[in-house]
Amino acid sequence: MKNKLKKIWLWTKKEILNKRMLGCFIIAEAIFWSPCIIGIICGVLINEWFFSICVGYIGLWLAPFTPAIPIQLALAYGIKKIYELIKKKNKK
């Protein structure tokens, strides 16, 4: 059991706790919250009605028992893997 926990910790440290993953997480957050960001911009520029879209989106994903954080982490990890795949392809 101790070896499994050590393996999991080393994998987490290698794959998730690094600078590249932080950048991917910021990009994933921007993608995940983009409907809200667009709603705010449209609310300021076009019509106040768009703020209701933003509030609805925030209310949906910040409610308890929604899978927002796991989706965001999975999106960030997927972006990181795609980046590594493109980087490996360009290296050849």
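Contact of the Lys80 side chain with the Asn18 side chain is registered, since non-hydrogen atoms from C-beta on lie closer than 4.5 Å. Residues Gln72 and Trp33 are in side-chain contact: their nearest non-hydrogen atoms beyond the backbone lie under 4.5 Å apart. In this structure, the side chains of Leu73 and Phe25 come closer than 4.5 Å at one or more pairs of heavy atoms.
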Let me see the working for Lys6 and Trp11 under side chain to side chain contact (heavy atoms under 4.5 Å, CB included), right down to the final yes or no. CA-CA 9 Å; Lys6 188 176 179 182; Trp11 178 85; over 6 Å; no

CA sep, side-chain torsions, deciding dist, call: Ile79, Ile31, side chain to side chain contact (heavy atoms under 4.5 Å, CB included): CA-CA 11 Å; Ile79 291 171; Ile31 291 170; 4.0 Å; yes

Apply the test side chain to side chain contact (heavy atoms under 4.5 Å, CB included) to residues Thr66 and Leu60: give CA-CA distance (whole Å), side-chain angles for both, the deciding distance (0.1 Å), then the verdict. CA-CA 8 Å; Thr66 58; Leu60 173 74; 5.6 Å; no

Stepwise side chain to side chain contact (heavy atoms under 4.5 Å, CB included) test for Ile71 and Trp61: CA-CA 11 Å; Ile71 290 172; Trp61 286 110; 3.8 Å; yes

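Put simply, SG on Cys24 and NZ on Lys81 are 10.5 Å apart, with the number rounded to the nearest 0.5 Å. Atom CG of residue Leu10 and atom NZ of residue Lys14 lie 10.0 Å apart, to the nearest 0.5 angstrom. Atom CD1 of Ile53 sits about 11.5 Å away from atom CD1 of Ile40, to the nearest 0.5 Å.
Closest approach of Cys54 to Cys36, counting heavy atoms only: SG-SG, 2.7 Å. Considering every non-hydrogen atom in both Tyr57 and Phe32, the closest pair reads OH-O, 2.7 Å. Closest approach of Phe50 to Gly39, counting heavy atoms only: CB-O, 3.5 Å.
Counting heavy atoms of neighbouring residues, nucleotides and ligands inside a 6.0 Å radius, atom CD1 of Ile46 exceeds 12 of them.
One hydrophobic cluster holds both Trp49 and Leu45 under the rule that ILVMFWY side chains link at heavy-atom gaps under 4.5 Å.
Between Lys87 and Glu84, none of the side-chain N atoms (NZ, or NE/NH1/NH2) sits under 4.0 Å from a carboxylate O, so this pair counts as no salt bridge.
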